[in-house]
Amino acid sequence: MSRNNTDAGMPIAITLEPGTYYRCTCGGSNTLPFCDGHHSGQERPIRFEIEERRKVYLCSCGKTQEPPFCDQTCGVALPQD
Ligand code: FES
């Protein structure tokens, strides 16, 4: 994931309904944190599925080993829901 994202550095807490999502990784989207088809540079969105409505924490630092989700590599302690 690009470190040039304009929302980089902190996990993004968001509640998502069931469905398919595409996490922007290039930072060029007008609908961050989701892809809108810009794909600036070589970056491509990360497709992921949500099976049931839940709160997620999307990585925006680019260091996670579990994209698109924050794995706390950034140093932010996520709340235990
Ligand atoms: S925001 Fe990237 S690991 Fe937490």
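Numbering of ligands and ligand atoms starts at 1, following listing order.
Once rounded to the nearest 0.5 Å, the distance linking CG of Leu78 with NZ of Lys55 reads 9.5 Å. In this structure, CE in Met10 is found 11.5 Å from SG in Cys59, a value given to the nearest 0.5 Å. Atom CD of Gln65 sits about 6.5 Å away from atom CG of Asp71, to the nearest 0.5 Å.
For atom 2 (Fe) of ligand 1, the count of nearby protein N, O or S atoms, meaning those under 2.8 Å away, is 2.
The shortest distance between side-chain heavy atoms of Leu16 and Glu52 does not fall below 4.5 Å.
Within the structure, the ring pair (Phe, Tyr, Trp, His ring centres under 6.0 Å) test picks out the following pairs touching residues 25-50 (sequence neighbours left out): Tyr21-Phe34, Tyr21-Phe48, Phe48-Phe69.
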**Message:** Apply side chain to side chain contact (heavy atoms under 4.5 Å, CB included) to residues Thr20 and Arg47 and explain how you reach the verdict.
**Reply:** CA-CA 7 Å; Thr20 301; Arg47 181 183 186 270; 3.7 Å; yes

